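The model shown is predicted, which means the values in this text are computed figures rather than measured ones. All values below come from the heavy atoms of this structure, side chains included, with hydrogens, waters and symmetry mates left out. Just follow the structure's listing: the first ligand is 1, and inside any ligand the first atom is 1.
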Amino acid sequence: MPHTEREELTPEESDQLLLLPGGHPPLWNHMDSIGSVRLRQREGAPGCSQEGLPCPSDSSELVLECLQQFKVTETQLRQIQASLLGSMEQALGGQASPASAVQMLPTYVGSTPHGTEQGDFVVLELGATGASLRVLWVTLLGIEGHRMEPRSQEFVIPPEVMLGPGQQLFDFAAHCLSEFLDALPVDKEGLQLGFSFSFPCHQTGLDRSTLISWTKGFRCSGVEGHDVVQLLRDAIKRQGAYSIDVVAVVNDTVGTMMGCEPGVGPCEVGLVVDTGTNACYMEEARHVAVLDEDRGRVCISVEWGSFSDDGVLGPVLTTFDHALDRESLNPGAQRFEKMIGGLYLGELVRLVLAHLAQRGVLFGGCTSPALLSRGSILLEHVAEMKDPLAGAARVHAILRDMGLSMGASDAELVQYVCAAVFTRAARLCAAALAAVLARLQHSREQQVLQIAVATGGRVFERYPSFLSILQETVMLLAPECDVSFIPSVDGGGRGVAMVTAVAARLAAHRRLLEETLAPFRLDHEQLAAVRAQMREAMVKGLQGEASSLRMLPTYVRATPDGTERGDFLALDLGGTNFRVLLVRVTAGGVKITSQVYSIPEYVAQGSGQQLFDHIVDCIVDFQQKQGLSGQSLPLGFTFSFPCRQLGLDQGILLNWTKGFNASDCEGQDIVCLLREAIGRRQAVELNVVAIVNDTVGTMMSCGYEDPRCEVGLIVGTGTNACYMEELQNVAAVPGDSGHMCINMEWGAFGDDGSLDSLRTCFDANVDQASINPGKQSFEKMISGMYLGEIVRHILLHLTSLGVLFRGQQTQRLQTRDIFKTKFLSEIESDSLALRQVRTILEDLGLSLTSDDALMVLEVCQAVSQRAAQLCGAGVAAVVEKIRENRGLEELTVSVGVDGTLYKLHPHFSSLVAATVRELAPRCVVTFLQSEDGSGKGAALVTAVACRLAQMAHV
Ligand code: BG6
Ligand code: GLC
Ligand code: GLC
């Protein structure tokens with residue numbers, strides 16, 4: 001037998017090495033009374049050693065020598081603890097870990113149970129206990145209710161199923177489920193199942209879990225790398241007897257932890273020693289690199305079975321461990337588990353006994369076929385045989401059944417072997433648990449850790465001495481931790497039901513979210529219908545028939561030709577900012593100097609006189625600052641509201657839109673109102689040449705760079721479009737040749753009810769609360785002034801359903817306009833992690849979980865996607881009309897665009913473009929973002945007008 005280096009032990013250390021059950025003195029004390037070595041000859045027999053056999057006293061020494069290998073010193077235990085802790089911390093930090101390291105798998109369980117969970121659940125347990133599969137019916141009665149004993153049934157999985165195709169295993173599980181349920185008075189529909197699957201898995205949700213690799217006695221083909229929940233769902237469907245929703249999947253350690261009856265504090269560690277061994281614990285989420293979450297805790301399955309740092313485990317591994325590993329289903333893997341898990345302890349004992357028999361130390365030097373066969377000694381045999389009282393009798397019975405004949409001292413020696421293997425397992429397990437406790441101490445920054453550990457698995461349930469050794473060793477290794485061990489309830493089944501209850505609640509919330517958002521998800525037919533209705537409304541509007549589209553002539557007949565020159569003033573009113581601009585058009589290009597002024601709400605919604613006086617004050621201020629006082633520059637006025645124009649410098653305000661509502665303006669010529677205000681201010685001289693809608697300004701501004709720009713689009717505070725129409729189609733303006741730019745005022749599209757089938761109750765709420773109910777239907781579904789409000793109304797609704805914010809309505813969320821459209825742009829940014837989404841919402845005064853944050857994100861996406869698609873359907877109608885006007889097979893056209901929503905939202909522009917491609921496939925549309933605002937366009941319109949006027953004078 002090859003020797004392993006061993007350090008010298010102090011007598012105290014030695015005492016702790018081989019704690020024997022039930023007060024047996026340590027073996028070496030016993031050895032003192034054993035006499036000197038005597039050899040005796042023995043007849044050769046089949047299966048018997050032919051060598052000289054030692055006498056019984058020598059046997060004890062040889063057994064001792066052999067069992068020395070199973071001693072693990074306190075120093076070694078501490079090294080294992082430290083190395084395991086290092087491996088855990090590396091894996092948490094996301095450093096690529098070698099196969100020998102622990103995996104630290106997040107489980108999507110974020111909190112220990114509240115105790116409020118309720119309902120009936122089916123639990124299916126696979127993989128925890130050897131070749132058996134268990135089905136349970138668990139009823140949770142919430143805080144008030146008493147605990148009800150679950151119904152359960154165990155099924156033995158045939159060996160060929162454990163090693164066969166995966167489908168066969170899952171079909172077997174589905175069959176067991178049906179058989180179990182057949183015996184219960186339950187409905188065949190709507191059952192909710194929690195799946196306890198005790199193998200290392202990558203979880204990507206509470207009900208999505210990919211098997212990394214089989215461990216323990218399983219090796220079914222076609223399962224590794226696949227989602228085991230889906231495999232189970234498929235099998236249940238194939239089976240067909242019951243409709244069962246697989247709601248959650250959990251590791252057995254998690255079930256153990258979650259099912260633990262909360263004592264003084266919650267149980268935050270789950271420890272399992274069954275066929276295999278593993279633990280889970282609640283980690284601070286911010287320490288889990290893969291999670292990108294900075295708050296709260298998450299349950300991590302350590303998967304310590306795979307720990308096998310050669311440096312610290314190497315000296316501890318015996319020749320028997322190596323032999324066991326070689327013969328296992330997964331050689332080289334799960335080396336730590338193979339020293340602790342119940343699947344392996346019997347096998348280790350068998351290997352030691354066979355070795356000792358072959359060395360002539362036991363059974364008169366005889367082996368038997370059973371002793372030489374894998375799996376003939378089981379965990380229960382080991383536990384029974386090492387029992388100090390009944391153990392000797394069991395040794396005789398068990399070994400006799402294996403065809404072995406016992407010598408006088410053999411029974412006692414076999415008991416030592418069993419105790420050594422069992423004790424080592426418990427001590428190694430304690431070192432691993434001590435590593436988890438140290439990790440908890442680090443992450444919680446606590447000197448003294450008070451913690452409850454839920455224990456589960458057959459080894460704990462049936463062999464209390466395992467826990468005693470473990471406890472004692474933990475006290476030695478982690479004296480500063482105050483650990484209470486609490487046995488799991490119903491073998492973890494209750495915990496699985498708890499997780500399932502939470503998952504079921506989340507799934508129900510998701511369904512409600514989907515139902516709420518469904519009306520926002522428009523399909524191709526709906527969008528094509530919007531395009532068609534828009535087209536119809538355009539034609540009617542142009543012909544002067546009743547239509548929600550006013551199709552206002554702008555008297556802009558041409559885009560700039562580049563020969564325009566001069567200095568112009570421009571005003572830009574109606575968007576986020578009010579601006580005064582000085583625009584210098586020279587041969588070298590356009591130079592702009594501008595200043596933003598605010599229009600307070602009381603001015604925007606006060607009297608018209610007050611508004612126009614304020615505007616003139618701003619102009620005067622600007623002129624003074626720019627040294628323009630006393631000069632009468634031609635002025636272009638971007639006025640972003642619907643105006644009926646009778647010429648370039650005449651615009652009668654039809655009605656205010658967006659946030660404006662100044663009195664005595666509707667029905668008035670805006671240029672007159674401005675001139676009157678100038679008159680009141682006496683000091684200034686202004687020459688108002690043109691009034692221009694922002695869409696027109698944007699089209700002109702982009703048209704200066706690209707002559708193909710024949711459409712102007714605004715998606716900002718409001719939304720609107722203009723385009724170059726054939727004059728012959730414009731009933732309101734005489735003339736049959738040439739073009740005229742038409743301000744569609746498409747914000748009002750749908751005001752005749754044509755969009756009603758698409759409008760949701762949230763749109764209705766936003767409309768009702770606006771200053772112009774019943775008006776601007778299309779705009780209210782698209783533009784920046786309203787999207788945040790739509791989102792806010794949806795969030796209020798989801799809160800009332802209990803889906804969001806734990807059902808708690810807050811004053812904050814009930815405040816109008818609290819949710820600005822710029823938040824949609826920020827929240828939907830791809831570069832933003834969920835936790836940043838959460839921060840934005842928390843800054844708004846909303847307190848929320850990560851689940852809440854994800855749902856808010858989805859709400860924002862649905863609302864902005866609908867907006868972009870509706871806008872795209874509108875653009876498709878416009879470009880198609882231009883194409884048909886010109887009788888072209890294919891139209892190449894550019895659209896000048898401006899507006900904060902279009903420019904700032906991360907996906908709006910690409911969604912608009914995609915929709916246009918889909919709905920206007922015969923148009924090649926380029927979108928040009930206007931850089932200088934529509935003020936520049938207004939100046940250009942003015943410049944064109946001045947050029948034309950000069951030409952007329954010549
Ligand atoms: C700019 C114009 O081009 O876009 C404004 O200069 C216009 O007058 C605006 O109304 C639209 O964007 P927003 O987001 O400011 O409403
Ligand atoms: C194995 C599995 C692990 C499980 C443990 C106890 O180590 O890989 O997932 O928790 O056995 O059953
Ligand atoms: C509103 C106005 C319209 C303007 C649009 C974009 O819809 O009525 O004139 O073009 O907002 O600012």
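Across all non-hydrogen atoms, the minimal contact from L582 to F622 is N-CZ, 3.6 Å. Of all heavy-atom pairs between M781 and L870, the closest is CB-CD1, 3.9 Å. Taking both residues in full, the closest heavy atoms of K216 and N330 are given as N-ND2, 4.2 Å, listed atom of the first, atom of the second, then distance. C643 and I670 get closest at one heavy-atom pair: SG-CG1, 4.3 Å. Between F199 and E303, the shortest heavy-atom distance links the atoms C-OE2, 3.8 Å. What you find for W214 and C220 is that their closest heavy atoms are NE1-O, 2.8 Å.
Close approach to N251 involves these atoms of ligand 2, each under 4.0 Å from a residue heavy atom: 3 (C), 4 (C), 9 (O), 10 (O). The ligand atoms of ligand 1 that sit less than 4.0 angstrom from a heavy atom of S640 are 8 (O), 10 (O). Interface of N278 with ligand 2, defined as ligand atoms under 4.0 Å from a residue heavy atom, comprises 3 (C), 4 (C), 5 (C), 9 (O), 10 (O). Those atoms of ligand 2 with a heavy atom of P200 less than 4.0 angstrom away are 8 (O), 9 (O). Within ligand 3, counting atoms from 1 as listed, the ones closer than 4.0 Å to a heavy atom of T657 are 1 (C), 2 (C), 8 (O). Contact atoms of ligand 1 toward G933: 3 (O), 6 (O) (distance under 4.0 Å to a heavy atom of the residue). Near F199, meaning under 4.0 Å from any of its heavy atoms, are these atoms of ligand 2: 2 (C), 8 (O), 9 (O). In summary, the atoms of ligand 3 found under 4.0 Å from a heavy atom of Q776, numbered by their order in the structure, are 7 (O). Atoms of ligand 2 lying under 4.0 Å from at least one heavy atom of T215, given by number and element, are 1 (C), 2 (C), 8 (O). Residue contact check: I714 has heavy atoms under 4.0 Å from atoms 6 (C), 12 (O) of ligand 3. Each of the atoms 12 (O), 13 (P), 14 (O), 16 (O) of ligand 1 lies under 4.0 Å from some heavy atom of G716.
Nearest to atom 3 (C) of ligand 2 by heavy-atom distance, out of E303, Q334, E337, is E303. Remark: among candidates G276, S198, A128, the nearest residue to atom 2 (C) of ligand 2 is S198, based on non-hydrogen atoms. Here atom 5 (C) of ligand 1 lies nearest to D572 when heavy atoms of N720, D572, I714, V897 are compared.
If you check which protein heavy atom lies closest to atom 12 (O) of ligand 1, you get G899 CA, 3.2 Å. Regarding atom 10 (O) of ligand 3, its nearest protein heavy-atom neighbour is D694 OD1, 2.5 Å. Closest to atom 16 (O) of ligand 1, if we only count protein heavy atoms, is T717 OG1, 2.6 Å. Looking only at protein heavy atoms, the nearest one to atom 15 (O) of ligand 1 is T576 OG1, 2.7 Å. For atom 14 (O) of ligand 1, the closest heavy atom belonging to the protein is T900 OG1, 2.3 Å. Of the protein's heavy atoms, D898 OD2, 3.2 Å lies nearest to atom 1 (C) of ligand 1. Considering only non-hydrogen protein atoms, atom 11 (O) of ligand 2 sits nearest to K216 NZ, 2.9 Å. Of all protein heavy atoms, the one lying nearest to atom 7 (O) of ligand 3 is E779 OE1, 2.4 Å. Of the protein's non-hydrogen atoms, S934 OG, 2.8 Å is the one closest to atom 2 (C) of ligand 1. Protein heavy atom nearest atom 9 (O) of ligand 3, with residue, atom name and distance: E745 OE2, 2.5 Å.
Taking 4.0 Å as the cut-off between side-chain N and carboxylate O, K903 and D898 count as a salt-bridged pair. The pair E828-K822 fails the salt-bridge criterion, with no side-chain N (NZ, NE, NH1 or NH2) lying under 4.0 Å from an Asp/Glu carboxylate O. The pair K780-D763 does not meet the salt-bridge criterion, since no charged nitrogen lies less than 4.0 angstrom from a carboxylate oxygen.
When only modelled atom types and interatomic distance are considered, T129 and D274 share a side-chain donor-acceptor pair under 3.5 Å. Counting only N and O atoms by type, the side chains of D227 and T210 include no donor and acceptor under 3.5 Å apart. Using modelled atom types, one finds no donor on one side chain facing an acceptor on the other under 3.5 Å when comparing S894 with E710. Between the side chains of S777 and D751, a donor-acceptor pair is found at a separation under 3.5 Å. A donor and an acceptor atom, one from each side chain of Q203 and S209, are nowhere located under 3.5 Å apart. In this model, no donor atom of one side chain and acceptor atom of the other lie less than 3.5 Å apart for D694 and N720.
Neither the backbone nor the side chain of T717 has a heavy atom within less than 4.0 Å of ligand 3. When heavy-atom distances to ligand 2 are checked against a 4.0 Å cut-off, T275 has no atom that comes that close, whether in backbone or side chain.
In terms of polar-atom proximity, T695 is not counted as a contact of ligand 3, lacking any N or O under 3.5 Å from an N or O of the ligand. On a distance-only criterion, D252 and ligand 2 share at least one N/O pair closer than 3.5 Å. Residue-to-ligand polar distances keep N743 apart from ligand 3: every N/O pair is separated by 3.5 Å or more. By the 3.5 Å distance cut-off applied to N or O atoms, R579 is counted among the residues near ligand 1. In terms of polar-atom proximity, defined here as any N/O pair under 3.5 Å, D694 does make such a contact with ligand 1.
If you run side chain to side chain contact (heavy atoms under 4.5 Å, CB included) between L271 and each of L433, V302, V436, only L433 comes through.
Judged by the shortest distance from any of its heavy atoms, G784 lies outside the 4.0 Å radius around the atoms of ligand 1. Heavy-atom distances between K903 and ligand 1 stay at or above 4.0 Å for every pair. Residue G718 places a heavy atom less than 4.0 Å from ligand 3. Distances from ligand 3 to the non-hydrogen atoms of G575 include no value under 4.0 Å.
Rounding to the nearest 0.5 Å gives a distance of 7.5 Å between OG of S548 and CG of L755. T215 contributes atom OG1, which lies 10.5 Å from atom CG of L329 (distance to the nearest 0.5 angstrom).
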(request) Given side-chain contact (heavy atoms from CB on, under 4.5 Å), test I714 with T719 step by step and report yes or no. (result) CA-CA 5 Å; I714 297 286; T719 182; 5.6 Å; no
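Taking the six-membered ring where tryptophan is involved, the planes of F660 and W656 are essentially parallel, since the angle between them stays under 30° and well short of 60°.
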